[in-house]
Amino acid sequence: MWDWEFAFYVMPDILKAIRVTIAATLAGFALALAVGLALALLRRSAFKPLSLATIGFIEFVRSTPLLIQLFFIFYALPLSTGISFSAFQAGTIGLGFHYGTYLSEVYRSGIDAIPRGQWEAATALNFSRLRTWTKIILPQAIPPTVPVMGNYLIAMFKETPLLSAITLVEMLQTAKIIGSDCYRYLEPFTLVGIFFLLLSYPASVLVKRLEFQLKQQ
Amino acid sequence: MGMPSKVEIETETDSMTDEPIVRYRKVAKNFGELQVLKKVDLDIAPGEKIAVIGPSGSGKTTLARLLMTLERPSSGTIEIDGELLWHEKVNGKLVPAGEKHLQHHRGKIGMVFQQFNLFPHMTVLRNVAEAPIQVLGLSQKEAQKRAKQMLAKVGLADKLDAFPSQLSGGQQQRVAIARALVMRPKVMLFDEVTSALDPELVGEVLTVIKEIAAEGEMTMLLVTHEMDFAREVADRIIFIDDGKIVEQGTPKALFKHPRNPRTRSFLSRFRNNNWKDS
Amino acid sequence: MLELLPALLRGLGITVQLTVLAAVLGFALAFISGLGSLSKSSIIRFVTGVYVEIFRGTSLLVQLFWMFYALPLFGIRLPGMVVGVLALGMNFGAYGSEVVRSSIIAVPRGQIEAAIALNMSPGQRLWRIILPQAWLTMIPPLGNLLIELLKGTALVSLITLADLAFQGFSLRETTGRTTEIYSLLLMIYFVLAFFITAGMRWLERRAAMGRS
């Protein structure tokens, strides 16, 4: 049933496509880190409508399917705005904003955990707002959140197959193309699953270890 | 492996009338490297009230927890009602007791904890009636009747439908006492039951325990820091230090004329406190 | 724009059905594997560990495709709906397993000791004392997972199941009203997610009754 010869025959193509998968993950995560921080800060705005709008945006993006969001970015945005994206760009934007809303919560918990005294000390030292954030608050708020961020990175990695739906030829799409060409889906899809497991499982073990170390401190 | 045969010899002296209800024989308990109890021997007579005192970390709580089967002894044996608690005979050999054996004997023992440990998801009435229904197999009606009687006894007849979070610490601890008593155990263990209470709530809990003690027939083991209470309630005081019973005797003997220097130094701390208070 | 709604909502039934069935399967699996991961038997712990890591470590869409396209090679040809429920349910269950496990661990030791002191059997301790308390801790994270499950149902459109998303794609092909259709779709999912959130809040309030 399982054909080793065929499996080895298709493996190189799938391995090549891992690069696209990883590139999309990293690009998406970089964007998510920025979007998440921006959303976390906007949410704290003293201007109520802005903070409420941010909360609304976060809730909306978090509770709707990434797949539809990707279609919206890839197919609908060009029609209504005239800007069109490549599949990779659209995928990066979709992943970045979707996970940005999750990461904004992570930033928020990190910032909320900073004791009041730190803000008061910064005021007492007459730090500017920018300086308070970049020198006092964020350097303390972010390190404890690293394991949680790591978990979201892994989660995002596992969502990249969705980009195949907007024609990005990453691992899953490659396997699908091979499958429909050769009328054999078992080996290509199984390989894709194994590659995901091989990358994500050690990564999650690593994150767990990191979490443990942080707790020890 | 000489232990099992020795145990058999000891159990053969049974069926005398003034047989102890609880018997610790060379009971030791280690937590890793730490020796919490060191070969303790202790007999408790039916109806006897024993107060266990000693510094924190001396092993006095472990003494009670071993009897409640919350902790397994590292060596030695405990008997309840003439039968081994932590060991059972399988094909003529003594082996560590299984859950069934433990359940069979655990029913003779009840315990009240320092932290109350009431079930937060149940009302006061259900906290008390749950085990009679589940464990004793009583009908809902019968169990609630018993539970209400018990709650009335501890002065909480008006709190049946309250949840534990709505009660004061003293009230919670009284519910916990009712919850243990309703199972009609032969031996009651009280593990520092007032240590987690605000000072003004200690009295109401001690009063309830004194009332139970005054009824006479209940065997009680009280691990406590309350020296006045121990003196008032107990027939015998046991002073434990560093995992060993250092000294024991009647309250009068032990508090007035402690012989061991460690007992003396321990008690002197409480005397000093009393002087300061009065 | 609203005239598109009836055609779109034709997929609502499938989406709701998938969510409910997969949630039921997933809850059951989460409980079984959550308890299994705390088992004394190392074999049971190993088996549940393998299940959890495989379904968490590969991707939901890969699992869907595998069951839909690769499983028939073993002679197992399942209808799309069954594949959808199985893949979503098993995926949800694997994530839920950790929620169940950590909530059980979070029940204070004193609660179990009190149950032992009342001579409750291990089964009674679990069902009467531990689970009712763990349940309260579980509800919020399970609610979040339920939203993830709802979002995940959109993926079944890629294995030809005619759910909400699928109706959206085919409606777009016939009408070409891309922006409106995708916007409507997003809003429908948002409303569905809102119902789930409200439902879980209600459950949480009910479970917390009397407790502060």
Side-chain angles (χ1 to χ4, degrees), chain A residues 1-3 21 56 59-81 98 102 154-155 157-165 171-172 175-176 179-180 183-205, chain C residues 15 50 52-75 91 95 144 146-148 150-158 163-166 168-169 172 176-197:
Chain A
M1 215 169 293
W2 173 268
D3 186 343
T21 294
E59 279 306 310
F60 188 82
V61 174
R62 273 181 71 136
S63 43
T64 52
L66 175 61
L67 183 68
I68 317 288
Q69 291 166 8
L70 289 170
F71 280 123
F72 188 89
I73 296 163
F74 192 62
Y75 294 114
L77 272 190
L79 293 175
S80 45
T81 62
H98 195 83
Y102 286 93
I154 298 167
F157 169 63
K158 285 179 290 193
E159 287 229 63
T160 53
L162 268 68
L163 306 193
S164 65
M171 252 202 295
L172 186 67
K176 206 176 169 196
S180 62
Y183 301 104
R184 268 195 86 85
Y185 286 102
L186 176 63
E187 291 82 3
F189 281 158
T190 307
L191 284 174
V192 172
I194 290 171
F195 288 144
F196 267 104
L197 194 62
L198 281 180
L199 286 168
S200 71
Y201 182 65
S204 65
V205 171
Chain C
T15 295
V50 168
V52 168
E53 293 307 337
I54 285 184
F55 277 87
R56 282 164 48 128
T58 60
S59 161
L60 174 59
L61 189 57
V62 176
Q63 290 155 23
L64 270 172
F65 276 15
W66 197 91
M67 286 190 196
F68 192 72
Y69 292 107
L71 215 48
L73 268 144
F74 292 96
N91 193 275
Y95 283 94
N144 289 340
L146 213 47
I147 305 271
E148 295 300 320
L150 168 71
K151 285 154 63 180
T153 60
L155 300 190
V156 301
S157 60
L158 302 177
D163 73 326
L164 269 173
F166 186 90
F169 306 153
R172 173 178 169 251
R177 293 161 73 173
T178 306
T179 310
E180 290 157 90
I181 288 169
Y182 288 142
S183 306
L184 264 178
L185 266 183
L186 288 172
M187 280 187 265
I188 296 170
Y189 278 105
F190 185 63
V191 171
L192 289 177
F194 175 81
F195 281 125
I196 291 179
T197 310

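These figures come from a predicted structure and were not determined experimentally. Lettering of chains follows the sequences in order, A, B, ..., and the numbering in each one begins at 1.
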Set of ring pair (Phe, Tyr, Trp, His ring centres under 6.0 Å) partners for C:Tyr69, sequence neighbours left out: A:Tyr185, A:Phe189, C:Phe65
- prompt: For A:Phe157, which residues count as a ring pair (Phe, Tyr, Trp, His ring centres under 6.0 Å) partner, sequence neighbours excluded?
  reply: A:Phe196
[atom2] on [Y] to [atom1] on [X], rounded to 0.5 Å:
X: C:Leu60; Y: A:Leu162; atom1: CG; atom2: CG; answer: 8.0 Å
X: C:Tyr189; Y: A:Ser63; atom1: OH; atom2: OG; answer: 12.5 Å
X: A:Thr64; Y: C:Ile147; atom1: OG1; atom2: CD1; answer: 10.5 Å
X: C:Glu148; Y: A:Leu66; atom1: CD; atom2: CG; answer: 10.0 Å
X: A:Glu187; Y: C:Leu73; atom1: CD; atom2: CG; answer: 7.0 Å
X: C:Glu180; Y: A:Leu79; atom1: CD; atom2: CG; answer: 11.0 Å

So which residue, [options], ends up with the most heavy-atom pairs under 4.5 Å with chain C?
options: A:Glu159, A:Arg184, A:Lys176; result: A:Lys176
options: A:Leu199, A:Leu197, A:Ile154; result: A:Leu197
options: A:Ala203, A:Ser204, A:Gly193; result: A:Gly193

- request: Give the C-alpha distance, both sets of side-chain angles, the deciding distance and a yes or no for side chain to side chain contact (heavy atoms under 4.5 Å, CB included) between A:Ser200 and C:Thr58.
  value: CA-CA 8 Å; A:Ser200 71; C:Thr58 60; over 6 Å; no
- request: Check each atom of A:Leu172 against the heavy atoms of chain C and say whether the ones under 4.5 Å are side chain, backbone, both or neither.
  value: side chain
field: Side chain, backbone, both or neither of A:Ser164 within contact of chain C (heavy atoms, under 4.5 Å)
entry: side chain
For [X] and [Y], which heavy atoms make the closest approach, and how far apart are they?
X: A:Lys158; Y: C:Gly57; result: CD-O, 3.5 Å
X: A:Ile68; Y: C:Tyr182; result: CG2-O, 4.1 Å
X: C:Val62; Y: A:Pro161; result: CG2-CG, 4.1 Å

task: Report the C-alpha separation of A:Gln69 and C:Lys151 in whole Å, then their side-chain angles, then the decisive distance to 0.1 Å, and conclude whether the side chain to side chain contact (heavy atoms under 4.5 Å, CB included) test is met.
output: CA-CA 11 Å; A:Gln69 291 166 8; C:Lys151 285 154 63 180; over 6 Å; no
field: C:Phe194, part contacting chain A, at a heavy-atom distance under 4.5 Å
entry: neither
Which atoms of C:Phe68 approach chain A - backbone, side chain, both or neither, heavy atom under 4.5 Å: neither
Counting C-beta onward and ignoring hydrogens, is there a side-chain heavy-atom pair between [X] and [Y] closer than 4.5 Å?
X: C:Ser157; Y: A:Leu67; answer: yes
X: C:Met187; Y: A:Phe60; answer: yes
X: C:Arg172; Y: A:Tyr75; answer: yes
X: C:Ser183; Y: A:Phe72; answer: yes

- request: Could you please spell out the steps behind the side chain to side chain contact (heavy atoms under 4.5 Å, CB included) verdict for A:Phe71 and C:Leu185?
  value: CA-CA 11 Å; A:Phe71 280 123; C:Leu185 266 183; over 6 Å; no
